[in-house]
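What follows is a set of notes on a single structure, which appears directly below.
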Amino acid sequence: MEGSSATKRGHGLTREALRDGFVHELVARSGIDLPVLSDEERRASLKATLASQPAPGDVWLFGYGSLIWNPAFHYVERQPVLIRGWHRQFCLSTPIGRGSPENPGLVLGLDRGGACRGVAFRIARSEADAELDLVWRREMVMGSYVPRWVKLHGPDLPEGTYGITFTINHAAPNYVRPASEADTARVVATACGALGSCQDYLFDTIHGLKGFGIHDHHLNRIADLVREHRS
């Protein structure tokens, strides 16, 4: 499947906004004392990650949440893949983007164990530095994630293909230990922030996954509970 960046909603996470420091501005305007990576720290993280690429060539990036339905970076192709050893989980508290200080929301991370189906994007190596800089400006604001290379499994991928993904940092102050699906749904149903509501984030992720034939039963159960909460 070929394509390029596209934005489903007018929520501000466009490539132009990311390039102009939109996410850092959100944090600064919030008035919340949050640990933020400096530009130097962010660039060093990206440089170190690319330097540890298992094999030369184009760079694959594994998306499991909003990157699926709003990548905001340019890519050559994308396809559904499986990774092992990590699972998708609402484990990151957000008092700004999808929540507020009074009612923090939850967004997805990859936590240890299990497996996860998502979407892999192939980025031309000649464009990887610039395009991944946008991704780092979006995902590596406070060091809540740990970027790492994971093995990608897909019928159209050569054996031994690796991609970058963002796993949860257990040492991050906004890491949340997994709660019950009912408790997660209560947060998702009520939290809203500068980037929109948590429930839109959930439903957009489910819709994005379905577009690639992926059905996440955990997310679907949470969605059913969110609908019950709304009614």
Side-chain angles (χ1 to χ4, degrees), residues 9 11-13 18 22-24 26-28 30 32-37 41-42 45-46 49 61-72 83 85-119 134-148 150 164-206 208-209 216 218-219 221-223 225-226:
R9 295 175 182 271
H11 46 50
L13 281 185
L18 290 168
F22 172 75
V23 179
H24 276 79
L26 280 184
V27 175
S30 72
I32 307 172
D33 185 17
L34 295 171
V36 177
L37 296 185
E41 290 171 323
R42 190 188 68 248
S45 170
L46 173 56
T49 301
L61 178 68
F62 178 76
Y64 53 88
S66 63
L67 288 178
I68 296 172
W69 44 269
N70 179 35
I83 66 169
W86 302 91
H87 68 280
R88 186 171 20 239
Q89 183 75 43
F90 275 103
C91 57
L92 186 63
S93 177
T94 171
I96 301 174
R98 295 281 176 173
S100 65
E102 300 75 25
N103 187 26
L106 285 169
V107 292
L108 294 164
L110 285 179
D111 215 340
R112 287 281 185 184
C116 181
R117 294 190 181 276
V119 178
L134 297 175
V135 178
W136 252 249
R137 287 172 179 267
R138 169 179 178 165
E139 306 294 341
M140 294 297 291
V141 179
M142 296 180 288
S144 301
Y145 294 113
V146 177
R148 68 177 73 237
V150 294
I164 300 169
T165 197
F166 295 94
T167 62
I168 196 66
N169 179 5
H170 284 189
N174 51 340
Y175 167 67
V176 176
R177 292 187 178 278
S180 69
E181 290 178 346
D183 288 342
T184 298
R186 278 192 287 272
V187 174
V188 172
T190 60
C192 187
L195 297 180
S197 70
C198 265
Q199 58 183 284
D200 281 346
Y201 172 88
L202 168 64
F203 294 134
D204 283 344
T205 299
I206 291 173
L209 289 168
D216 187 306
H218 172 60
L219 293 189
R221 287 192 299 268
I222 292 174
L225 291 168
V226 167

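Note that the structure is predicted; figures quoted are calculated from it, not measured.
- Applying the side-chain hydrogen bond (donor to acceptor under 3.5 Å, both in side chains) test to Ser66 and every residue at least two apart in sequence or in another chain returns Arg138.
- Between Ala223 and Phe203, the closest heavy-atom pair is CB-CE2, 3.5 Å.
- Residues forming a side-chain hydrogen bond (donor to acceptor under 3.5 Å, both in side chains) with Thr94 (at least two apart in sequence, or on another chain): none.
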### Task
Check step by step if side-chain contact (heavy atoms from CB on, under 4.5 Å) holds for Val135 and Phe166.
CA-CA 10 Å; Val135 178; Phe166 295 94; 3.6 Å; yes

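- Remark: Asp216 pairs with Arg88, Leu209, His218, Leu219 by the side-chain contact (heavy atoms from CB on, under 4.5 Å) rule, at least two apart or across chains.
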List the atom pairs, with distances to 0.1 Å, where a side-chain N or O of residues 104-117 and a protein N or O form a donor-acceptor pair under 3.5 Å, not counting sequence neighbours.
from	atom 1	to	atom 2	distance (Å)
Asp111	OD1	His170	NE2	2.7
Asp111	OD2	Tyr175	OH	3.2

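- Residues passing the side-chain hydrogen bond (donor to acceptor under 3.5 Å, both in side chains) test with Ser144 are Asn174, sequence neighbours excluded.
- With rounding to the nearest 0.5 Å, the separation of CD1 in Ile83 from CZ in Phe62 is 4.0 Å.
- With rounding to the nearest 0.5 Å, the separation of CG in Leu46 from CD in Glu139 is 13.0 Å.
- Contact check for Leu18 versus Val23: side-chain heavy atoms found under the 4.5 Å cut-off.
- Judged purely by distance below 3.5 Å, without hydrogens or angles, the side chains of Trp69 and Thr205 pair a donor atom with an acceptor atom.
- With rounding to the nearest 0.5 Å, the separation of CG in Leu34 from NE2 in His24 is 11.0 Å.
- Note on residues 172-182: pairs passing salt bridge (Lys or Arg N to Asp or Glu O under 4.0 Å), not counting sequence neighbours, are Glu181-Arg221.
- Between the OH atom in Tyr145 and the CG atom in Leu92 there is a gap of 4.5 Å [rounded to 0.5 Å].
- Side chains of Leu67 and Leu61 form a contact here, defined as non-hydrogen atoms less than 4.5 Å apart.
- Residues Gln199 and Ala189 approach most closely at NE2-O, 3.1 Å, considering heavy atoms.
- A search for side-chain contact (heavy atoms from CB on, under 4.5 Å) contacts involving Thr49 returns Ser45, Trp136, Pro147, Trp149, Ile164, not counting sequence neighbours.
- For Arg98 (side chain) and Cys192 (main-chain N/O), no donor-acceptor pair under 3.5 Å exists by modelled atom type.
- Residues forming a side-chain contact (heavy atoms from CB on, under 4.5 Å) with Val146 (at least two apart in sequence, or on another chain): Arg148, Thr167, Asn169.
- Between Ala185 and Leu225, the shortest heavy-atom contact is CB-CB, 3.5 Å.
- Considering only heavy atoms from C-beta on, Trp86 stays 4.5 Å or farther from Ile168 through its side chain.
- Taking each heavy atom of Cys198 and Val188 in turn, the nearest pair found is CB-O, 3.3 Å.
- With sequence neighbours excluded, no residue satisfies side-chain contact (heavy atoms from CB on, under 4.5 Å) with Ala28.
- Contact between Asn70 and Leu13 at its shortest, heavy atoms only, is ND2-O, 3.1 Å.
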